Amino acid sequence: MEYTPREIEPKWQAWWKAQRTYQVNNDHSKPKFYILNMFPYPSGAGLHVGHPLGYIASDIIARYKRLNGFKVLNPMGYDSFGLPAEQYAIQTGIHPAVSTEQNIARYREQLDNIGFSFDWDREVRTSDPAFYHWTQWIFMQLFQHYYDLDAAKALPVSALVARFEQQGNTGLRAVCDEDTPAFTAADWNNRTEKEQQAMLLKYRLTFPEESYVNWCPAMGTVLSNDEVKDGVSERGGYPVERKLMKQWSMRITAYADRLLAGLDEIEWSDSIKEQQRNWIGRSQGASVKFAVDGHPDAVIDVFTTRVDTIYGATFMVLAPEHELVERLTTPAQRAEVDAYVKWAKSRSELDRMSEAKKVTGANTGAFAVNPFNGAKIPIFIADYVLAGYGTGAVMAVPSGDQRDWNFATSFNLPVTPVLDAQQNLGEVADPTKEGRYINSGMINGLTYEQAIPKLIEYLEANGLGKGKVQYKLRNAVFSRQRYWGEPVPVYWKDDMPYLIAENDLPLILPAIDKYLPTETGEPPLARAEGWKYYSDPAGPGYEYELSTMPGWAGSSWYFYRYMDPHNHSAFCSKEAAAYWKAVDWYIGGSEHAVGHLLYSRFWNHFLFDLGLAPEREYAKKLTNQGMIQGRSSLVFRAKECFYEEYLWIKVLQPFFAAYGPMQIPASKVEESYTYDFAFETNDLVIEVVSWKQTDKIEVIRKAAEADGKRLLVLFNEELADHINQHDITADRIRQALESRDRFFMTEERPKSGQLFVSHDLTLKYSPDCFAKLHVDINMVTDDVLDLQRASQLPMFQHSGFKLNAEGRFTCHFEVEKMSKSKFNVVNPDDMVAQYGADCFRMYEMFLGPIEVSKPWDTKGITGVYGFLRKFWSLYVGEDGQGLPTNEAPAAEELRALHWCIKKVTDDIERFSMNTCVSHFMILTNELRALKCDKRAILEPAVILLAPFAPHVAEELWHRLGYESSVCDAVWPVLNEEYLKADTITYPVQINGKLRGNIEVAAAATPAEIETLVMQQDFVQRNLNDGAVKKFIVVPGRIVNIVV
RNA sequence: GCCCGGGUGGUGGAAUGGUAGACACGCAGGACUUAAAAUCCUGUGACCGUAGAGGUCGUACGGGUUCGAGUCCCGUCCCGGGCACCA
């Protein structure tokens, strides 16, 4: 009886649903295991084959853990707020909630197809008011807390207010805005309500703040960096400007140190941790004040991470925009400096980047005074110092910093070594921290570790500077001028933000007429009619905050909601959180390395401070699945210059080779001639042009007449029409050459518009002749475009195709991200329909390591399908019967089974799913060779396969006579005894080269092995009479003889 | 420029410092078949060769450590990702 996934898969999917097989109840008697996938954004394109990669791997883990006696939480939900639905709403007027609902239904259908063990009773959606109720609630907690540095945690703002009333902010160590003034209790108590609120905003963990955004006036909205290309919006190409706007901000910087330290306690990939470290960008350094010679009132503040090299500072560099440049420049240097500043201003960021190696600068003529040794060092300006970073001033240490070295070398400034370990300073800077200091005053002879504290102590004691920690991390902007996101639970009174009452949550997203900003540039929510907050029903209505939360709000805490998804009184009950604690294994794409994965850690640290999260880090272990990339097909659209090249290469060259003397000059290029083509021995000229440019044709015609030339006009479109038969064009040229007429032009308007050129032909022409365009991969088989179907597409309307010699049109391909816009999305449904879900699951795993990105390719899926059929045939005879026997298995059969148990168990644990599939294939091949029909072998084998191919496993499990689900079976236990063999085959090497194999009793001692090996012919032959220096036996592994 | 990954047959990929290329695809040959498909069997890194003997070379390149290196160390090149005059 055949293996028929189409029949068995729907059957068991229905059975699991009816049996509620995957429902996770609240019985907390078992040990727990929480495995989590990053939830998807339900896009309109549906699920593609890249999505399930991580889901399948985690489903295998979930099922495996369940078979090993764990209570497994394996949930799924949707990150369902987001821009694409809003964009769609703008275009169609369909409410994002409606289109999102449809998309989710589609996703669900596709997910169900693949047979995941998700507990759908726990599904969450970030756009569901019952969910965003708690997103808003957490926002309120952030608003009501500040970060206290002494307590090293978040504390309530109410405690802060009590403190201000008693003692102002003196002695308070808390994270706050840089410009927060010192004030006393009296100051505080004399302030108005509004002033007090304004002061508190400087401390709150979320607060409105003026920040720069990419404002697009034409679209009335703010764009992210990647929506801006070359200063205009990617969509529509409208101008974008930097604009200061009031935005909600999250004081993530308060947690910078803890986010950094927390990385040490979690099992995440090094590259993700490294990216987060770089994003946080902690640098321990010092700020140092340099006096300026002859300017007692001027001080240059410098931040350095290498204060230990300060004695080697032989000059100073200011950014050209630095505020002191004007004052410090001496009259003698004025002209040079002014010119340099002017030049630097004219250069764009891009210019500065592309000429990173070119050293430019100007001397101000002023001198700075080194606070340690009083040395006077010249002050330069140079554009390698940026005004926007740090203080815009650098103490230049050419011996230790390459850019400083480059500058010093080109301006003939001294390079003073500061460490005895520095080398080759004549050729390059040496940033080493090794060795002991020289030429360095008070730190001479010390090491790096000793020098730093001593220098900082001196700076602080003399008021010349201080040790300082600087972060690259900035507070996170939390506002979006958009509709489809969580409303911020805030109303505005007297220009100050206030939280709405907790029992008014959730603040529901109101209906609006259009999903666009208002005419005055306010966010879409300003369109909501009568949307006001009444803190007192009788009082006035206050305006709500009109921006919404960003995409990362809901995803920053959703993993708690799965633990207790229907709770109406808390985001998650303490009891549920105490059981499930943290995610044991989190799986998702690395593109979220610093966005979601850093913000969610921040929220979790905050919730931990409030006693609401059970652990500091919510995800113990994280694996990044690689992307499944798409294989895009591209077509080449001919540009104007193609037709000229085509005419020259394909028509004129062969034509004149046959036609005789009328040679076209080799330099037929347009620049050297008024016409595209002109002949030496004939007064005919040829012009290639689009029929849309009729005015150009007229101009050329007049010019040709004046020159006494006869003109042949060939239309691009005409050439496109006849592109596959160049003799038609050749004929026209011949007729024109032989004719007496002065002007030749086709009378009919050509049919074709654009021309697309087969990939293999494009190689003959220069690459700028073509524009590359994506074409739907469904129109393409083995890179050959289906012309019949393609010509129905709008993009190919009125198009011609230049075919290759076989009369086919081949496409170019590129491997890139799978996305709807690239027309390279492969839908898992088609695969499932053809091969079944089990096969699809196993094939995705078989492709290679989960972590590695690779293009989707179905080559090889037949191998997996063949395996499943063979596996099936071990259990089910041709007549559909053939139940396994209860005979005792042979040693060979047991060995094969237990070898597989060992390998698969190990490999699942180390997330090596591709090799698991190989082991199943090996087991199946061996059992088939042994004609195994023993229950004692076949039953455990089904359990092993169950996490990977649950449908076929369930079917066979029931055929074996069980009534309950294979999901509740017990994972087979490895018995090492069965793996032991009587003999071991040792490879024998001589001087590391393999010379033969020898079979030895497993119990043989190394001495016995040596005796036996030395007796072998092949050994004696290869010794070449050399004396044996050393005889190495690695037990169970290998023998190596050193001669 | 800096940081992090990665370079293994025709292809996807295996390989705790211990027989490089498991498993699969593809390809070639064979069986079955009127034929094809499907299925099954055999072979398949390159080169030399006496061709089912035997040998040489092979994990991007050049060195090194080791009895033994795809694996560890140093240098170079290439590809991918991230950051980018970040002091």
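Since we're looking at a predicted model, the values are computed, not measured. Every chain is numbered from 1 and lettered A, B, ... according to where its sequence line falls, protein lines coming before strand lines.
- Across all strands shown, B/G80 forms a Watson-Crick or G-U wobble pair with B/C4, both key distances being under 3.5 Å.
- Judged by Watson-Crick or G-U wobble contacts below 3.5 Å, the nucleotide B/A46 has B/U56 as its partner.
- Of all nucleotides present, none satisfies the Watson-Crick or G-U wobble test against B/G21 with each distance under 3.5 Å.
- If you check B/U19, B/U39, B/A87 against the side chain of A/Arg869, the one that comes closest is B/U39.
- Remark: of the listed residues A/Phe290, A/Phe407, A/Phe411, A/Phe407 is the sole one forming a ring pair (Phe, Tyr, Trp, His ring centres under 6.0 Å) with A/Phe315.
- Only the C1' atoms considered, B/G70 is 16 Å distant from B/C57, to the nearest whole Å.
- The nucleotide B/U65 finds no pairing partner, because no Watson-Crick or G-U wobble arrangement with both distances shorter than 3.5 Å includes it.
- Nucleotides B/C2 and B/U56 place their C1' atoms 44 Å apart, quoted to the nearest Å.
- A heavy-atom distance below 4.0 Å to RNA chain B is reached by these residues of residues 916-927 of chain A, ordered by number: A/Ser918, A/Met921, A/Ile922, A/Asn925.
- B/A28 sits 16 Å from B/G45 when the C1' atoms are compared, rounded to a whole Å.
- Regarding contacts with the backbone of B/A14, a side-chain N or O of A/Asn914 is found under 4.0 angstrom from either OP1 or OP2.
- For A/Pro987, taking side-chain heavy atoms from C-beta onward, the closest of the listed nucleotides B/C25, B/G12, B/U19 is B/U19.
- Contact annotation for A/Lys903: no contact, since no heavy-atom pair falls under 4.0 Å across all strands.
- Comparing B/U76 with B/C27, their C1' atoms sit 37 Å apart, to the nearest whole Å.
- A distance of 5.5 Å separates CD1 of A/Ile252 from CG of A/Leu259, quoted to the nearest 0.5 Å.
- The distance from the CZ atom of A/Phe846 to the OG1 atom of A/Thr915 is 10.0 Å, given to the nearest 0.5 Å.
- Note on A/Phe1031: nothing from the nucleic acid sits closer than 4.0 angstrom, heavy atoms only.
- Rounded to whole Å, the distance from NE2 on A/His322 to C1' on B/A87 is 13 Å.
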Per-nucleotide protein contact string for nucleotides 50-67 of chain B, where B marks a base within reach and S marks sugar-phosphate only (heavy atoms under 4.0 Å, - for neither): -----SSS---------B

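- Straight-line distance from the CD1 atom of A/Ile1038 to the C1' atom of B/U16: 15 Å, rounded to whole Å.
- Comparing the same atom, P, in B/G17 and in B/G26 gives a spacing of 34 Å after rounding to whole Å.
- Applying the 90° criterion around 0 to the glycosidic angle, B/G63 comes out anti.
- Taking atom C1' in both B/A46 and B/C41, the straight-line distance is 27 Å, to the nearest Å.
- Straight-line distance between the C1' atoms of B/G55 and B/U50: roughly 12 Å, to the nearest whole Å.
- Atom OG1 of A/Thr924 sits about 4.0 Å away from atom CZ of A/Phe867, to the nearest 0.5 Å.
- Taking atom CD1 of A/Ile861 as the reference point, atom C1' of B/G26 lies 16 Å away to the nearest angstrom.
- Of the candidates B/U11, B/A14, B/G18, B/G18 carries the atom nearest the A/Arg1037 side chain, counting heavy atoms from C-beta on.
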